[in-house]
Novice: 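Can you keep this structure in mind? I'll have questions shortly.
For the numbers below, each heavy atom of this structure counts, side chains included, while hydrogens, waters and symmetry mates do not.
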Amino acid sequence: MQLVVRKNDLLRELQLFQGIVERKNTIPILANVLIEANGDEVKLLATDLEVALRSRCPANVGKSGSLTLPAKKLYEILRALPETDVRIEEDKNGVTVAADRFESRMQTLPREDFPTLPEGDGKVRATLPRAALKEMVAKTQFAITGEDTRFFLNGAKFILKPESLTMVATDGHRLALVEVMHEVGVTEEIGVILPKKTILELGKLLAEGEGDILFERGENHLFFEVGGRVLISRMIDGQFPAYERVIPKENDKTIEFERDKLTSAIK
């Protein structure tokens, strides 16, 4: 494989993989990003077997092929380089990453060892408004616990109805609930539990760009297509708490605060 790519194009994509790839794991290949070069682009893929991200960026491909490289080490190398073209080339002794007067040789792991990820079956699809989904993620992720033995609390419940979207999270002590009225294209109610890591990575993808988000539910996985990138996540299999029961139905005691003054007082 041989390709030339702009440093900033590749760096922007690799930055999104840093939260996916775990530094410490028992399966060495999971520390690597899969790079596939073909035509006029390079495709990238990383996973920790729970959450995965597919991405791509334009490239000048001299020789098609695929290989794996350490995701964090490659990111650190590119981040230290000036804005220039980066050449990645594989030979029998390893992989060369070069730019201007810089050259580094990196060891690769067999592409065949990289796990095969599922594809969507297209049976359950919906179009989600970016702004609404971004707001829902931002306003619920703080309430997700990450260490509870009740694994169904280590995520947020995401509910799609024909005319609304709801996201709710709780750690057993506090609860965050956001509901947005919007037609998303489903004919019946769909409820799934998104893992905390999925919520965090989805928030990063929603931070840039514009346009609606394509959502797809498979048998055991969820797919979010965000601006040409696809976030793949396992679903948490469990029964989310009946949160409706703890929300007062006839509460007549309300107070309005000025946000800045309340924030200042808390600080």
Novice: Looking at S264 and D260, would you say the former's side chain and the latter's main chain have a donor-acceptor pair under 3.5 Å?
Specialist: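 No, because the side chain of S264 does not come within donor-acceptor range (under 3.5 Å) of the backbone of D260.
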Novice: For E41, check salt bridge (charged side-chain N to carboxylate O under 4.0 Å, His left out) against everything at least two apart and list the hits.
Specialist: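 With neighbours one apart ignored, the set is R56.
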Novice: Could you tabulate the donor-acceptor pairs under 3.5 Å formed by side-chain atoms of residues 228-252, not counting sequence neighbours?
Specialist:
| unit_1 | atom_1 | unit_2 | atom_2 | d |
| --- | --- | --- | --- | --- |
| R229 | NE | E13 | OE1 | 2.9 |
| R229 | NH1 | E208 | OE2 | 3.3 |
| R229 | NH2 | E13 | OE2 | 2.9 |
| R229 | NH2 | E208 | OE2 | 3.4 |
| S233 | OG | T198 | OG1 | 2.6 |
| R234 | NE | L49 | O | 2.9 |
| K249 | NZ | E244 | O | 2.9 |
| N251 | OD1 | K253 | N | 3.3 |
| N251 | ND2 | K253 | O | 3.2 |

Novice: Ion pair present between D85 and K7, side-chain N to carboxylate O less than 4.0 angstrom?
Specialist: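 Looking at D85 and K7, the cut-off is not met.
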Novice: Charged N to carboxylate O below 4.0 Å: is that the case for E22 and K197?
Specialist: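 Result for this pair is yes, salt bridge flagged.
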Novice: Which residues satisfy the side-chain hydrogen bond (donor to acceptor under 3.5 Å, both in side chains) test with R54, sequence neighbours excluded?
Specialist: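 Once residues adjacent in sequence are excluded, the partners of R54 under the side-chain hydrogen bond (donor to acceptor under 3.5 Å, both in side chains) criterion are E119.
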Novice: Dump the intermediate steps for side-chain contact (heavy atoms from CB on, under 4.5 Å) on C57 and V5, then the final yes or no.
Specialist: CA-CA 8 Å; C57 70; V5 62; 3.9 Å; yes
Novice: Would you say K43's side chain and S55's backbone share a donor-acceptor pair under 3.5 angstrom?
Specialist: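 No; judged by distance alone, with no hydrogens or angles, the pair does not exist.
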Novice: Check whether more than 12 heavy atoms from other residues, nucleotides or ligands sit under 6.0 Å from atom CD of E83, and answer yes or no.
Specialist: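 Check passes, neighbour count above 12.
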Novice: With side-chain contact (heavy atoms from CB on, under 4.5 Å) as the criterion, how do L205 and L16 come out once you've worked through the C-alpha distance, each side chain's angles and the decisive distance to 0.1 Å?
Specialist: CA-CA 8 Å; L205 295 179; L16 295 171; 3.9 Å; yes
Novice: Just by distance, no angles: are the side chains of T127 and D212 close enough, under 3.5 Å, to form a donor-acceptor pair?
Specialist: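 Result is no, nothing qualifies.
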Novice: Has the side chain of T68 got a donor or acceptor atom that lies under 3.5 Å from a matching backbone atom of L109?
Specialist: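 A pair under 3.5 Å: yes.
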Novice: Kindly say whether L11 contributes a backbone atom to a donor-acceptor pair with the side chain of N8 at under 3.5 angstrom?
Specialist: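 Answer holds: no.
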Novice: Give the intermediate values and the outcome of side-chain contact (heavy atoms from CB on, under 4.5 Å) for residues R111 and L67.
Specialist: CA-CA 5 Å; R111 187 258 178 270; L67 54 81; 5.9 Å; no
Novice: Please determine whether a side-chain nitrogen of the Lys or Arg among E76 and K72 lies less than 4.0 Å from a carboxylate oxygen of the Asp or Glu.
Specialist: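 So E76 does not pair with K72 through a salt bridge.
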Novice: Taking only Lys NZ, Arg NE, NH1 and NH2, and the carboxylate oxygens of Asp or Glu, determine whether E89 and K63 approach each other closer than 4.0 Å.
Specialist: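 Here E89 does not pair with K63 in a salt bridge, since their nearest N and O are not under 4.0 Å apart.
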Novice: Give me the ring orientation class for F158 and F224: parallel if the planes are under 30° apart, tilted from 30 to 60°, perpendicular past 60°.
Specialist: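 Tilted, since the angle between the ring planes falls between 30° and 60°.
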Novice: Using a 4.5 Å cut-off on heavy atoms from C-beta on, say whether the side chain of L165 contacts that of E179.
Specialist: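 In short, these two side chains do not touch, never coming nearer than 4.5 Å.
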Novice: Could you go step by step and tell me if V184 and K161 meet the side-chain contact (heavy atoms from CB on, under 4.5 Å) rule?
Specialist: CA-CA 8 Å; V184 296; K161 298 180 181 179; over 6 Å; no
Novice: Look only at the side chain of R130 and the backbone of G211, and say whether a donor-acceptor pair between them is shorter than 3.5 Å.
Specialist: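 Side chain of R130 to backbone of G211: a pair is present.
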